[in-house]
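Please read all numbers here as calculations on a predicted model, not as lab measurements.
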Amino acid sequence: MELQRVSPTVVRGTFHTYELAALIAAARYVAETAPEDVPSESLDQLRQLLSGYDQQVQKLAAAH
């Protein structure tokens with residue numbers, strides 16, 4: 001894994017597919033099974049991130 005700061009609010013990451021898969025799987029687990037004390041705003045942000053990821057994966061699949 002490699003992270004690079006592009007600007008103060010943007011970080012670019014380079015991952016092996018298994019590294020990214022592990023992060024996404026963990027995010028999905030939290031989004032689906034989070035306890036009630038997790039703020040709904042945090043879960044909304046996480047779900048939006050996962051939705052964006054899914055859209056990008058579909059774009060990659062369509063390009064090949």
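- Remark: Arg28 pairs with Asp54 by the salt bridge (Lys or Arg N to Asp or Glu O under 4.0 Å) rule, at least two apart or across chains.
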Can you give the donor-acceptor pairs under 3.5 Å from side chains of residues 3-20 to other protein atoms, not counting sequence neighbours?
residue	atom	partner	partner atom	Å
Arg5	NH1	Pro8	O	3.1
Ser7	OG	Val10	N	3.4
Glu19	OE1	His16	N	2.8
Glu19	OE2	Met1	N	3.4

Identify all side-chain donor-acceptor contacts of residues 39-46 below 3.5 Å with residues at least two apart in sequence or on another chain.
none

Show me the donor-acceptor pairs, under 3.5 Å and distance only, between side chains in residues 56-64 and residues at least two apart or in other chains.
none

